[in-house]
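Reading through the structure tokens given below for one structure.
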Amino acid sequence: MPFTCGRQDDAPGVSPARKMEEQAPETIAAAVEEYLAAHPRAVVLDEGRVIFDMRSAKYRLASEHGRCTLHLWSEDANLVRRVAAATTRNGTLRLTTMRFGQTRPQTLEIVADRDRRMPSAREATRTKYRRVLERVLVRAFPEWKVEGLRAAMDLEKSFGPAYVRGTLVQGQRAWAVIAVNPEETQATVDGILTVGILWLEHCRASSAGRRVFQGLRLIVPRGCAAPTLSRMPWLNERAAQWELWELDPQTEDLEQRDAADHGNVTTRLVHAPDRAAVRERFADAIGRVMAMVPEPVRGEVEQVIRSGAEMAFLLHGLEFARVRSGYAGNSFNAQEEITFGAGASETPLTAANEDGLRELVARLFERRHAGGDKRDALYRMQPERWLESVLRKGVEALDAHLNPAHVYTQVPAFAAGDRGMLDLLGVLRDGRLAVIELKADEDLHLALQGLDYWVRVRWHHLQGESGGLRTAGIGELQRAGYFSGVVLSQESPKLYLVAPALRVHPATELVLRYLSARVDWELVALDERWREKAKVVWRKRSADLRSLWSADSRSL
């Protein structure tokens, strides 16, 4: 979490015209904080060249002599610039900067990721792919007519230009087709099933009964089928037929993937740490950090044990300090490190900068509270984590049957890393596992991302000592130290999808209707004032929509 800059005062060597163009340092700091919080994979460009990747680099914004100064550093580079202005255009944050001792401004750009293709280049790639796709479809399905391949933007129906959409027609029979090219981001490729379901529904509605759409054919780049494969067994086969294909645009080779052959779930199970032992080990460090927190608000700090060697201190879900244990140099002598800040601005605590931590904590508590300024960067930062912290303290607000004594965060972790969404794992009072997927802002993919986590929890729950089916009523989760003393039900977990009422994407319910009846889900909408208190304003259950599908009787 970066420092907030002070106000701009008169500076020698800067012309009056230049001073009039400069922004207030608070405005600059807020713009940088918000952009980096929203784009954890951002990179910093200098004349179009990547000089810092913010997944590994660090930064600090500071007030020096009334100027806003940006310090960026990594293992390979170090940069210090005075920032005069920050503007956002087309998703890029442009910083007008000055080298010290110089008056000529220069520009640094911060972009969301490394994909810097110009719109014209992206359009050319997509047009070329659309032509390849049409040739491939004609060759692979000679008895079917390819109609209406397009990738036009249609925001009302949640269709974007990254996906090529069309149909395969044979008389009154038809298939909906959707494809994505390998030049798109991995998140875009992974989102094809959500958009594909919407496309299938659109095709059925617009045909007005003139054609019978049998199902959906999805086409992804070669080697990118795994996420979609893991989802497909949990779709309602009575509602549609589902096919997944991989395409290599270079060779134009199209190969079908079997949804029943999706291999092992790509996830790992984090062992539950001994909480008492960790607290005892870090007792001195805990005392040192908590001594810097204003006494009236110490009760608001969450002390979250990440592992046996790491503990974090959070205010409404936002980490402001952490302590880790490791080894000093090449020796076996254990040592502890306390750091403060968040993400790319994380800084080790030393005697010299202890006052900086006190200032940071004081500012954080002044600005990040339920009644804070909604325009403030610290108030708006990481809303999902704030929502997670609210529910972790009172999960019964979602369902009175949830057991508040057992709530865990991201127990099975995705092998590929964070998906940008928060997951909680809990248990109902009858022993049934509960998967809770959270989103504080509108997200088209909420339903299927929740399904991802549900699939992984279910898989781990069924594993026994030897990797086969659970035995003696104890699964892998309890062997890893979770739900101690609880008799877990062998029933599949219940899936809760949680978001503020005005942030539930309109397409969410439609996507949920296409899930198999074997997935027991509940869509929970919270009052918009959830920061003050979590209160359910409406909920919908899978059982409420049973009339929209035929029961899927396939055995587990």
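In what follows, residues are counted from 1 in the order of the sequence shown.
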How would you list, by chain and number, every residue that makes a salt bridge (charged side-chain N to carboxylate O under 4.0 Å, His left out) with [X], sequence neighbours excluded?
X    : value
D373 : R375
E302 : R392
E522 : K494, R539, R541

request  = Output all residues satisfying side chain to side chain donor-acceptor pair (under 3.5 Å) with Q186, sequence neighbours left out; order by chain, then residue number.
outcome  = D190
query = Taking only residues two or more places apart in sequence, or in another chain, which ones meet H369 in a side chain to side chain donor-acceptor pair (under 3.5 Å)?
reply = none
query = Is there any salt bridge (Lys or Arg N to Asp or Glu O under 4.0 Å) pair reaching into residues 523-535, and which pairs are they, with sequence neighbours excluded?
reply = R503-E528, D527-R529
ask   = Can you tell me how far CG of L451 sits from CG of L446, rounded to the nearest 0.5 angstrom?
value = 11.0 Å
request  = Kindly compute the distance separating CZ (R82) from OG1 (T96), expressed to the nearest 0.5 Å.
outcome  = 11.0 Å
note = With sequence neighbours left out, the residues meeting ring-ring contact (aromatic ring centres under 6.0 Å, His included) with H505 are none
Side chain to side chain contact (heavy atoms under 4.5 Å, CB included) partners for [X], two or more places apart:
X    : answer
R306 : V304, E310, A312, L314, E319
H271 : A480
A31  : A86, L93
P493 : L433, V435, W454, V457, R458

key: side-chain hydrogen bond (donor to acceptor under 3.5 Å, both in side chains) contacts in which one or both residues fall within residues 273-293, not counting sequence neighbours   = R279-Q303, R288-E354
query = Would a 4.5 Å heavy-atom cut-off, applied to side chains only, mark R60 and W73 as touching?
reply = yes
query = So, for F340 and F313, is the gap between ring centers shorter than 6.0 Å?
reply = no
